[in-house]
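Sequential numbering from 1 along the given sequence is applied to the chain's residues.
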Amino acid sequence: MNTVELIVNKRNVQRAIEPRTSLADMMRDTLDLTGTHLGCEHGVCGACTILVDGVPTRSCITFATACDGADITTIEGLDNDEIATELRAAFTREHALQCGYCTPGMLVSARDLVLRLPEADENAIRIGMSGNLCRCTGYVGIVRAVKSVIEARRARDIAFEPHAGRTLRGPAGSGHNACTVSQKLAPTTPIATEAAATIAPLTIPDFTPSTVMEQSFTVAHPPAKVFALFDDIAAVASCLPGAMLSGTPRPERVEGAIKVKIGPISANFNGAARVARDEANLAGRIVGIGNDQRSRSTTQGEIRYRLLPENDGSATRVELAIGYSLTGMLAQVGRSGLVRDLATRLVGEFAANLDRRLSGDMTAAPAAAADLNGISLVFGLLRDRAARLLQRLTGRGGAA
C-alpha cells in the first residue's frame with residue numbers, strides 16, 4: 001500500500017491505496033466522487049476527464065500515486081465554478097446532452113477550451129473536443145454550446161488564458177513526483193464533517209438560470225400592504241412550504257434550508273439568499289444557492305416579483321419569474337414538466353398562506369412548514385390533469 005496526499009476539490013485528502021490504483025478508481029471508490037465516469041478505461045472516450053493541476057486528464061489511465069501532491073478537481077468541484085455554470089446552462093439550452101454519461105468529461109474539456117481559445121472558432125472547438133466521445137448527440141449541440149459561451153465571455157471582455165494553468169511539460173501530475181510525506185501540502189479547507197456540511201455557502205453569485213418559468217396569483221389586499229409584508233423575510237419564509245430560517249435574516253444575507261421529499265428521494269437544501277427591493281416599482285429580486293449533502297445536488301435559484309394593483313387597488317396581482325439551475329443526482333429526476341407542475345402547486349400553497357397571513361391569521365402558516373410529499377403532489381397533479389381533460393372532452397361534446 002502507498003500513502004497518497006492530494007488536494008481534491010479544495011480539501012486535503014490522504015489515503016493508503018494499492019500502487020496500481022488509477023486516479024479514476026480512487027475518486028470513485030475511495031472518495032465516493034462518482035461524477036467521474038468510467039467508459040472505455042483505455043483513455044479513449046474521455047468520460048473520466050478531470051483536472052489535475054488545472055489540466056484536463058484521463059483519470060482512468062493515470063496512476064493516483066503518480067499525482068502525489070497534485071491539486072485535483074472533479075466535476076463535483078466545479079458546482080460553483082463560473083465557467084462550468086455557464087456551460088451547464090448552454091448545454092441545456094442547446095440540447096447538448098441526452099443520456100448524460102459523457103457530460104461530466106465534456107464539461108471539464110469544454111471549460112479548458114473556454115479558458116484557452118481566443119475566439120469561438122468552430123474548427124478549433126471540434127479539434128479540442130475530439131478526445132471526448134458521445135454516442136447520443138452528434139456533437140452539433142455540444143459545439144454550439146461551447147461556442148456560445150466563448151462568444152459571450154469574449155463579448156464581456158473576459159480575456160483568454162493561452163496556457164490555462166499549464167506550467168510544466170510531461171504527464172499530468174508529474175510535477176509532484178518528488179512529493180513525500182515530509183513535504184506537507186499547503187493549508188487549505190479541511191475535509192468537511194457532517195456538521196460543517198450544513199453551513200450555508202459563503203458567496204451568493206449571480207447566475208444565468210437554465211430554466212425560467214412564470215407564475216402569478218392574486219390576493220385580496222392592496223399592493224402597499226403586500227409589499228410591506230414582503231419586507232418581513234421571516235413572515236414570507238413562514239408562508240413557503242418546507243422553508244426554515246436560521247439566524248437573523250438580513251436583506252444582504254438570509255440563511256436557512258428548504259426540505260423537499262419526492263417519493264423515496266428526500267433533499268435538504270441548506271443555503272443562503274440575498275434580497276433586493278425596488279420600492280418605486282413595487283418589485284424585488286431574491287437570489288439564492290443551496291446544497292444537499294446527501295444527494296450531492298446543488299441548486300441556484302432566482303425569484304423576481306412585481307406587484308400590480310387590481311380592483312381599483314383593493315387587490316394585488318403578484319407576478320413571479322422563477323429561474324433555477326440544478327446539478328447532481330436530483331437533476332436526473334427533476335424533469336422540467338414535473339418541476340413546473342410542482343412549482344405551480346407550491347405557488348398556490350404560498351399564495352393561500354400569504355393571503356391568510358395578510359388577513360391576520362398568524363397560525364395559518366407555521367414557522368417551519370411541513371416537508372413536501374411528492375407522492376401526494378403527483379396524485380394531485382394527475383387529478384388536476386384528468387379534470388382538465390374531462391372538461392375539454394365535455395366541452396367538445398357540447399359543441400358537437
Side-chain angles (χ1 to χ4, degrees), residues 9 22-25 27-28 33-52 54-62 72-79 81-117 119-153 160 164-165 172 208-211 296-298 325-337:
N9 297 335
S22 71
L23 193 57
D25 286 339
M27 296 299 107
R28 292 179 55 84
L33 295 172
T34 54
T36 300
H37 291 171
L38 286 171
C40 67
E41 298 193 62
H42 286 76
V44 175
C45 73
C48 68
T49 305
I50 63 177
L51 296 176
V52 178
V55 180
T57 303
R58 299 288 195 268
S59 60
C60 73
I61 55 172
T62 302
I72 309 295
T73 304
T74 68
I75 191 66
E76 292 90 347
L78 295 175
D79 276 355
D81 180 80
E82 178 182 300
I83 298 176
T85 299
E86 293 179 23
L87 282 167
R88 285 192 295 267
F91 268 54
T92 301
R93 183 176 62 250
E94 301 293 346
H95 306 289
L97 70 158
Q98 289 184 29
C99 80
Y101 195 82
C102 69
T103 305
M106 286 278 183
L107 289 172
V108 173
S109 296
R111 179 185 179 277
D112 182 66
L113 288 182
V114 172
L115 279 171
R116 289 192 297 108
L117 294 184
E119 57 186 10
D121 178 78
E122 181 173 332
N123 188 53
I125 293 172
R126 288 185 176 276
I127 292 173
M129 297 297 295
S130 63
N132 293 78
L133 305 183
C134 175
R135 300 294 296 272
C136 300
T137 67
Y139 304 101
V140 174
I142 296 170
V143 173
R144 200 161 50 217
V146 178
K147 186 177 181 181
S148 69
V149 174
I150 295 174
E151 288 175 342
R153 291 179 68 83
F160 70 101
T208 302
S210 59
T211 302
R296 301 181 185 275
S297 299
T298 298
S325 295
L326 181 64
T327 61
M329 186 186 77
L330 291 180
Q332 301 176 25
V333 299
R335 300 280 183 176
S336 59

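Smallest separation of non-hydrogen atoms from Phe91 and Met106: CE2-CB, 4.1 Å. Closest non-hydrogen pair, Ser109 versus Asn132, comes out as OG-OD1, 2.8 Å. Among all heavy-atom pairs drawn from Asp79 and Thr85, the shortest one is O-OG1, 3.7 Å. Listed here is the closest heavy atom pair of Ala24 and Leu38: CB-CD2, 3.6 Å. The two atoms that bring Ala120 and Ile150 nearest to each other are N-CG2, 3.6 Å, heavy atoms only.
When side chains are defined from C-beta on, Asn123 counts as touching Ile127, because their heavy atoms get closer than 4.5 Å. Side-chain contact between Met129 and Val143 is absent, with no heavy-atom pair separated by less than 4.5 Å.
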Compile the donor-acceptor pairs under 3.5 Å between side chains in residues 39-52 and protein atoms, sequence neighbours left out, one pair per line.
unit_1, atom_1, unit_2, atom_2, d
His42, ND1, Cys40, O, 2.8
Thr49, OG1, Gly46, O, 2.7
Thr49, OG1, Arg58, NH1, 3.3

Run the side-chain donor-acceptor check on residues 133-142: report pairs under 3.5 Å with partners two or more places apart or on a different chain.
unit_1, atom_1, unit_2, atom_2, d
Thr137, OG1, Tyr139, N, 3.1
Tyr139, OH, Cys134, N, 2.9
Tyr139, OH, Cys134, O, 3.3

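Contacts of Glu82 classified as salt bridge (Lys or Arg N to Asp or Glu O under 4.0 Å), with partners at least two apart in sequence or in another chain: Arg153. Annotation: side-chain contact (heavy atoms from CB on, under 4.5 Å) contacts of Thr34 (sequence neighbours excluded): Arg28, Asp32. Taking the side-chain contact (heavy atoms from CB on, under 4.5 Å) definition, one finds that Ala124 meets it with Leu117, Asp121, sequence neighbours left out. Considering only residues two or more places apart in sequence or on other chains, Thr92 meets the side-chain hydrogen bond (donor to acceptor under 3.5 Å, both in side chains) condition with none of them. With sequence neighbours left out, the side-chain hydrogen bond (donor to acceptor under 3.5 Å, both in side chains) criterion links Glu122 to Arg126. Under the salt bridge (Lys or Arg N to Asp or Glu O under 4.0 Å) criterion, Asp81 pairs with Arg111, sequence neighbours left out. In this view, Leu33 and Val8, Asn9, Met27, Leu31, Thr74, Glu76, Arg296 satisfy the side-chain contact (heavy atoms from CB on, under 4.5 Å) rule, not counting sequence neighbours. Looking at residues two or more places apart in sequence or on another chain, you find a side-chain hydrogen bond (donor to acceptor under 3.5 Å, both in side chains) between Ser22 and Asp25.
Sorted by first then second residue, the salt bridge (Lys or Arg N to Asp or Glu O under 4.0 Å) pairs that include residues 95-110, not counting sequence neighbours, number zero. Residues in residues 93-107 take part in these salt bridge (Lys or Arg N to Asp or Glu O under 4.0 Å) pairs, two or more places apart or across chains: Glu94-Arg144.
Put simply, CG on Leu23 and OG1 on Thr57 are 7.5 Å apart, with the number rounded to the nearest 0.5 Å. Interatomic distance, OG1 of Thr103 versus CD1 of Ile75, reported as 9.0 Å (0.5 Å rounding).
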